[in-house]
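For reference, the structure is listed below as structure tokens.
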Protein chains: 2
Amino acid sequence: MTSQDNRPLTLRDVSEASGVSEMTVSRVLRNRGDVSDTTRSRVLAAAKTLGYVPNKIAGALASQRVNLVAVIIPSMSNMVFPEVMTGISEALDETELQPVVGVTGYRPEKEEKVLYEMLSWRPSGVIIAGMEHSDAARAMLRASGIPVVEIMDTDGTAIDSVVGISHRRAGSQMAKAIIKAGYRRIAFLGTKMPLDHRARKRFEGFTETLAKAGIEIEDREFYSGGSALKKGREMTRDVLARSPDLDFIYYSNDLIGAGGLLYLTEQGIDIPGQVGLAGFNGVDLIKGLPRELATMDSCRQEIGRRAAELIVARAAGTDGPGVPSRIVLEPTLTYGDTLRRL
Amino acid sequence: MTSQDNRPLTLRDVSEASGVSEMTVSRVLRNRGDVSDTTRSRVLAAAKTLGYVPNKIAGALASQRVNLVAVIIPSMSNMVFPEVMTGISEALDETELQPVVGVTGYRPEKEEKVLYEMLSWRPSGVIIAGMEHSDAARAMLRASGIPVVEIMDTDGTAIDSVVGISHRRAGSQMAKAIIKAGYRRIAFLGTKMPLDHRARKRFEGFTETLAKAGIEIEDREFYSGGSALKKGREMTRDVLARSPDLDFIYYSNDLIGAGGLLYLTEQGIDIPGQVGLAGFNGVDLIKGLPRELATMDSCRQEIGRRAAELIVARAAGTDGPGVPSRIVLEPTLTYGDTLRRL
DNA sequence: CTGAAAGCGCTAACAC
DNA sequence: GTGTTAGCGCTTTCAG
């Protein structure tokens with residue numbers, strides 16, 4: 001009933017249908033400049049009846065502005081990143097900006113590719129997880145002239161701005177709390193991910209602080225793949241079989257910690273008396289367990305929000321490169337019911 | 001050291017640096033047409049030293065082709081959608097196409113807005129969750145002339161193609177299995193989401209099939225917000241306090257089911273003898289519970305993969321509208337340890 | 001308040 | 001194999 005062929009509608013179609021110049025139609029549709037109410041309503045009516053959807057490609061090319069924010073994360077199934085996304089969406093919701101997500105699967109080559117792909121759309125900003133990137137990736141980001149915010153982690157040299165927590169410090173803080181509570185025979189269970197730098201940094205901060213107190217990790221194990229809850233169970237069973245006199249297990253995430261907690265509870269082991277437990281992230285899930293798992297909040301949503309706010313500020317500001325920010329959040333330690341509070 | 005000003009590099013810069021025409025540079029960079037090896041390598045070298053990143057905006061406008069697939073989902077934190085995304089990425093990984101995600105928060109107005117926003121980038125295809133959309137949204141999708149695949153659900157009238165499962169049937173199948181196993185006093189616990197049409201359809205299919213067997217739902221409760229695991233616990237406790245002689249609880253998702261399972265296990269209630277349980281989705285998590293929760297696989301990853309494949313096929317095919325497909329997957333019922341298998 | 005001209009950076013189509 | 005010429009659909013800029 002409108003047009004017979006399949007060609008998408010253009011500004012010109014609206015212009016012809018309304019008898020108003022393309023330029024004025026464009027003004028109405030973008031709410032720019034002064035347009036008389038008569039003209040405005042005529043244009044709006046025409047656009048609506050035709051079902052006109054503007055072509056942002058053309059608009060972006062002409063205006064040299066793209067209202068997209070590239071968000072580059074390692075995975076969507078990690079539970080952590082969806083929450084970061086929530087924070088980003090929250091901050092961007094009232095603005096013109098829109099997030100576009102790219103996933104790297106923790107693989108540097110893929111990160112490079114995704115980054116290249118996204119930069120070629122000339123977004124208004126880039127939010128990228130982690131501080132470890134290939135030289136090529138860093139070069140691209142620098143050369144792009146686009147505001148960049150590295151998120152999650154603050155241990156390293158920033159390309160531009162950073163928002164996150166120090167994972168070394170998080171590991172260290174947890175070690176201190178554990179030592180203070182009197183635990184001495186401590187194991188670490190985590191993901192086998194050479195490329196999960198944040199887990200690695202927590203581990204490093206953890207062991208270093210233990211070392212300073214003259215304590216060495218009693219046992220450790222790393223897994224990959226499968227149901228984290230189940231792996232948590234299995235690793236906990238195995239580690240206790242190997243080292244029966246352990247008195248604490250620090251898990252690299254809450255989900256495997258939950259698995260361990262379920263296993264130990266079923267075995268009738270006294271928590272946190274005989275064995276103490278702690279995870280990491282502060283996910284919602286731990287609230288429904290038989291006992292609340294000790295954990296450290298990774299500030300995911302706030303990180304997303306703050307990072308997005310930085311981009312918004314830069315996008316709004318003058319075209320200068322802007323001043324790089326460095327926002328280091330302080331994670332909260334939750335003792336829950338699995339870590340003695342001295 | 002390269003250029004002093006902040007202007008992004010253009011094809012022309014590469015052209016000048018290599019002494020080759022813009023057109024040929026363009027050909028090299030896109031691997032199109034025949035270019036002599038000498039020229040090719042000279043261009044590649046120039047592009048690399050300069051750090052040139054092509055401008056896809058301009059490219060897309062000129063070629064009228066955009067290698068983006070719009071994916072519109074209600075939420076990222078639902079655990080279900082990240083897996084759909086995984087399937088989509090998987091299928092798209094070997095192609096030129098790239099997914100771009102938009103989130104609606106289960107709100108029709110937001111869906112309309114996101115859709116408009118994405119369509120204005122003229123993507124090669126749209127993958128959108130659910131079959132319930134506002135008239136305006138359906139009109140936009142129809143008018144766009146872009147291949148559309150509605151996913152997750154197949155109960156309803158498709159705009160174009162569909163890939164999913166019948167949630168009515170899923171609910172009905174579960175009802176049959178429960179009845180067959182001899183349970184008679186049945187409760188339903190779920191999310192309070194008038195806009196979660198899929199959960200609603202499962203509920204309807206469930207109750208209808210029970211009704212045909214002369215059974216009426218004994219009790220029901222709906223929640224919103226908070227930790228699903230915890231809510232599962234609380235609702236289970238409450239429903240059993242109200243209706244102590246229940247012999248089965250059907251949960252609208254695995255997570256609340258897991259909460260219920262933990263609660264009942266702690267209470268020492270015999271599962272599946274005294275009370276049987278079942279969830280929905282078939283998430284990984286259930287494998288680490290004290291007993292494996294009965295559930296029905298929602299085929300998330302396969303749905304994502306198949307939907308993306310449809311888009312790929314259409315994008316590759318001739319420009320015609322193509323033939324709409326209708327792919328109805330058959331979910332598998334897992335009895336686990338919480339539903340008697342007669 | 002409205003319009004006309006120029007051009008964003010690239011690629012299709014056609015020369016050579 | 002390589003170069004030239006026109007735009008893609010919009011917005012910027014400048015006239016009125």
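Keep in mind that this is a model prediction, so the values were computed, not measured. So that the names make sense, note that chain A is the first sequence line, chain B the second, and so on, each numbered from 1.
As rounded to whole Å, 16 Å separates atom P of C/dC8 from atom CG of B/L9. D/dC10 atom P lies 21 Å from atom CZ of A/R122, rounded to whole Å. Here C/dT11 presents its C1' atom at 15 Å from CG of B/N31, a figure rounded to the nearest Å. Between A/R42 atom CZ and C/dT2 atom C1' there is a gap of 12 Å when expressed in whole angstrom units. Atom CZ of A/R32 is separated from atom P of C/dG3 by 19 Å (rounded to the nearest Å). Note: CG (A/N55) to C1' (D/dT11) measures 12 Å, nearest angstrom. Rounded to an integer number of Å, the gap from CH2 of B/W121 to C1' of D/dC10 is 12 Å. Distance CZ (B/R7) to P (C/dG9): 8 Å, rounded to an integer number of Å.
Comparing B/Q64 and B/E22 along DNA chain D, the residue whose closest nucleotide (by nearest heavy atom) sits nearer the 5' end is B/E22. In terms of position on DNA chain C, the residue among B/K56 and A/G19 whose nearest nucleotide sits closer to the 5' end is A/G19.
For A/E96, the CD atom counts as loosely surrounded, since its 6.0 Å shell holds 12 or fewer non-hydrogen atoms of other residues, nucleotides or ligands.
Listed nucleotides: D/dT11, C/dG3, D/dG9. Nearest to the side chain of A/A58: D/dG9. You'll find that the side chain of B/S63 is closest to C/dA12, out of D/dG7, C/dT2, C/dA12. Listed nucleotides D/dT11, D/dT2, C/dG9 differ in distance to B/V35; the shortest reach to its side chain belongs to D/dT2. Checking C/dG9, C/dA12, D/dC10 against every side-chain atom of B/R30, the shortest atom distance belongs to C/dA12. Side-chain atoms of A/L61 lie closest to D/dG9 of the nucleotides D/dG7, D/dG9, C/dG3. For A/M23, whose side chain is taken as the heavy atoms from C-beta onward, the closest listed nucleotide among C/dA5, C/dA12, C/dG9 is C/dA5.
For D/dC10, the OP1/OP2 oxygens have a side-chain nitrogen or oxygen of A/Y52 closer than 4.0 Å. Dashed line: the shortest gap from a side-chain N or O of B/T24 to OP1 or OP2 of D/dG3 is under 4.0 Å. Distances shorter than 4.0 Å separate some side-chain N or O of B/S26 from OP1 or OP2 on C/dT11.
The closest side-chain heavy-atom distance from B/K56 to B/L68 is not below 4.5 Å.
Between the side chain of B/S75 and the backbone N or O of B/G105, no donor-acceptor pair lies under 3.5 Å.
At a threshold of 4.0 angstrom between heavy atoms, the contacts of A/D34 include nucleobase atoms, whether or not backbone atoms are also involved. The residue B/R65 sits close only to the backbone: its heavy atoms come under 4.0 Å of sugar-phosphate atoms, none of a base.
Salt-bridge formation is detected for the pair B/R12/B/E16: a Lys NZ or Arg NE/NH1/NH2 atom is positioned less than 4.0 Å from an Asp or Glu carboxylate oxygen. No salt bridge links B/K113 with A/D93; every basic N to acidic carboxylate O contact stays at or beyond 4.0 Å.
Counting atom types as modelled, A/R27 pairs a side-chain N or O with a base atom of C/dG3 as donor and acceptor under 3.5 Å.
Each of A/R142, A/R314, A/R326 was compared with A/D160 under the salt bridge (Lys or Arg N to Asp or Glu O under 4.0 Å) criterion, and only A/R314 meets it.
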